[in-house]
Protein chains: 2
Amino acid sequence: MPEKRTYGQACPIAHSLDLVGERWALLVVRELRLGPRRYGDLQAALPGIGPSVLSQRLRDLEAVGILRKRGKEYGLTEWGAELDPVFRALAHWGVRSPVVPLEGAVGTDSMFLGLRTFFGSRDPQWTGSYEFRLDRDVYRVEVREGELVSLWRGRSGEPAAVVVETDDATMGELFGGALTLAGAVESERAAVAGDVSDAQRLLDASPLSAVR
Amino acid sequence: MPEKRTYGQACPIAHSLDLVGERWALLVVRELRLGPRRYGDLQAALPGIGPSVLSQRLRDLEAVGILRKRGKEYGLTEWGAELDPVFRALAHWGVRSPVVPLEGAVGTDSMFLGLRTFFGSRDPQWTGSYEFRLDRDVYRVEVREGELVSLWRGRSGEPAAVVVETDDATMGELFGGALTLAGAVESERAAVAGDVSDAQRLLDASPLSAVR
DNA sequence: CCGCATCCCCAAAGATACTG
DNA sequence: CAGTATCTTTGGGGATGCGG
């Protein structure tokens with residue numbers, strides 16, 4: 001039995017990289033940040049990973065306690081979820097990259113993860129709950145006293161104050177600022193139950209354009 | 001010419017990993033966090049890396065603008081230095097790892113990087129400058145109004161208020177809390193010019209034991 | 001010496017096929 | 001759908017060598 005390949009350093013950074021530094025590992029974890037997913041979901045979200053590598057990563061990450069398999073779903077453990085600051089730091093650094101700009105289609109997960117990462121508001125007056133029903137997934141967002149306190153895939157217990165129903169493409173335009181929610185409702189590309197301008201506020205709270 | 005291997009995703013996290021996600025890449029950057037180093041220094045600090053991989057990483061990291069070669073020294077660019085929050089996040093996560101505890105000798109760089117990462121003090125009264133002369137390297141630390149404002153390898157312009165001269169091993173014990181600076185001076189394992197208790201305060205400001 | 005390039009070998013990743 | 005099995009390709013680890 002060959003022993004696992006490691007950097008063999010006492011440094012906590014090297015240790016972290018021993019755990020999540022393998023190719024694809026952090027991207028697998030990223031896919032679970034908004035909630036549990038199944039094997040097929042991960043494979044679809046990570047084009048190019050190949051089934052054997054995905055299996056390997058899932059096994060490794062579970063072995064060290066970053067994720068746990070429950071039935072057919074893989075979900076982050078509490079400790080795995082604590083990688084959040086790492087993702088935040090990487091994302092904040094990455095968007096400032098002078099290297100060839102990012103291109104390609106963004107999935108809906110990425111949009112909401114971007115909201116979580118770049119959410120900016122300290123308005124203590126602002127409290128609200130939002131639900132976005134898209135083509136495939138539902139996202140639930142909770143803002144309390146100006147802080148984004150929770151953001152998950154899938155509907156939550158109690159109903160949200162504002163419910164937005166639209167398709168993935170329109171959602172992208174809404175997050176990108178190319179379209180306002182009022183405009184989308186006007187052209188019947190979105191339906192809203194609740195306060196439209198309140199939901200618009202949430203869309204504006206992720207200053208993606210301001211960062212680049 | 002085969003085009004570079006990339007995750008090919010628009011996500012800023014994936015993009016970051018395209019830049020620093022290759023094996024050894026982040027550890028090379030880590031070695032430069034306290035100041036420029038030469039090829040041989042890096043090779044010595046990264047046992048097992050192998051010369052070709054090190055060359056490759058240095059070339060790649062320079063190509064994307066994370067580091068720059070000046071004469072024989074490799075140093076971080078401003079953007080490269082902005083990876084600091086990533087290292088902080090990784091270190092904070094890594095020390096909480098439930099996996100087999102870190103073992104092995106820690107270099108002096110790691111000790112001072114630990115100080116930078118886990119420095120905890122908000123005492124606005126505290127301002128001071130410190131120089132540590134060890135076996136091979138000199139480290140310069142600056143605290144202003146309770147904040148660690150600078151920490152570099154090599155001596156700085158003006159002389160520090162407190163100068164500690166000792167060997168690497170003793171320094172490790174000092175940071176680990178196994179030995180007090182007063183005790184080290186007593187047993188002639190360290191020599192101090194300036195306020196001993198002031199320097200001790202700095203050593204105590206990195207609550208390594210409190211973290212685990 | 002130091003800073004690499006070269007070579008060889010193995011382990012990990014990519015691609016595809018296949019099975020419960 | 002959820003993976004395993006197999007094959008090929010690529011990249012990393014380690015030793016050696018060579019030029020400045």
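Quick caveat: nothing in here was measured; it's all calculated off a predicted structure. First the proteins, then the strands, lettered A, B, ... as listed; each starts at 1.
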| request: Five pairs at each end of the helix from C/dC1-D/dG20 to C/dT19-D/dA2: take the axis at both ends and give me the angle between them to 10°. | output: 30°
| field | Check: A/Arg201 main-chain N/O paired with A/Asp204 side-chain donor or acceptor under 3.5 Å | value | no
| field | ring-ring contact (aromatic ring centres under 6.0 Å, His included) against B/Tyr7, all qualifying residues, sequence neighbours excluded | value | A/Trp24
| query | With side chains defined as the heavy atoms from C-beta onward, is the minimum distance between A/Arg140 and A/Arg153 less than 4.5 Å? | reply | no
| Euclidean distance, atom CG of residue B/Leu58 to atom P of C/dC4 [Å, nearest integer] | 7 Å
| What's the CD-P distance between A/Gln56 and C/dA13, to the nearest Å? | 8 Å
| request: Kindly state each residue pair satisfying salt bridge (Lys or Arg N to Asp or Glu O under 4.0 Å) with at least one member in residues 64-73 of chain B, sequence neighbours excluded. | output: none
| note | Applying ring-ring contact (aromatic ring centres under 6.0 Å, His included) to B/Trp152 and not counting sequence neighbours gives none
| query | For the pair made of CG in B/Leu54 and P in D/dG13, what is the distance, rounded to whole Å? | reply | 11 Å
| To the side chain of A/Arg59, which of D/dG12, D/dT4, C/dA13 is closest? | D/dT4
Output one line per pair: protein atom, nucleotide atom from nucleotides 15-20 of chain D, and distance, for all N/O pairs under 3.5 Å.
none

| query | Is the B/Trp79 ring parallel, tilted or perpendicular to the A/Trp93 ring (thresholds 30°, 60°)? | reply | parallel
| Looking only at side-chain N and O atoms, does B/Arg23 come under 4.0 Å of OP1 or OP2 in D/dG13? | yes
| request: Determine the contact category for B/Glu22: base if any of its heavy atoms lies under 4.0 Å from a base atom, sugar-phosphate if only primed atoms, P, OP1 or OP2 are that close, otherwise nothing. | output: sugar-phosphate
| task | Check whether any side-chain heavy atom of A/Phe132 sits under 4.5 Å from a side-chain heavy atom of A/Val163, and report yes or no. | result | no
| Sequence neighbours excluded, which residues qualify as side-chain hydrogen bond (donor to acceptor under 3.5 Å, both in side chains) partners of A/Asp135? | none
| query | So which of residues 27-50 of chain B are in contact with DNA chain C, with a heavy-atom cut-off of under 4.0 Å? | reply | B/Arg38, B/Tyr39, B/Gly40
| field | Sequence-distant partners of A/Asp168, side-chain hydrogen bond (donor to acceptor under 3.5 Å, both in side chains), two or more places apart | value | none
| query | Taking OP1 and OP2 of C/dA12, is either one under 4.0 Å from a side-chain nitrogen or oxygen of A/Trp24? | reply | no
| query | Which of residues 62-77 of chain A have a heavy atom under 4.0 Å from DNA chain C? | reply | none
| task | Whole angstrom is fine here: how far is it from CG in B/Asp60 over to P in C/dC4? | result | 14 Å
| said: According to side-chain hydrogen bond (donor to acceptor under 3.5 Å, both in side chains), who are the partners of B/Arg37, at least two apart in sequence or on a separate chain? | reply: B/Asp137
| request: Return the minimal non-hydrogen interatomic distance between A/Gly94 and B/Ser16, and the atom names on each side. | output: CA-OG, 3.1 Å
| request: For the residue pair A/Arg88 and A/Thr117, confirm or rule out a side-chain donor-acceptor distance under 3.5 Å. | output: no
| note | Taken in chain and number order and not counting sequence neighbours, the residues that satisfy side-chain hydrogen bond (donor to acceptor under 3.5 Å, both in side chains) with A/Thr108 are A/Tyr139
| said: By nearest atom, which of the nucleotides C/dA5, C/dA13, D/dT4 is closest to the A/Ser55 side chain? | reply: D/dT4
| remark: Here the salt bridge (Lys or Arg N to Asp or Glu O under 4.0 Å) pairs for residues 46-62 of chain A, sequence neighbours left out, are A/Glu22-A/Arg57, A/Arg57-A/Asp60
| query | A/Arg57 side chain N/O closer than 4.0 Å to the phosphate oxygens (OP1, OP2) of C/dA13? | reply | yes
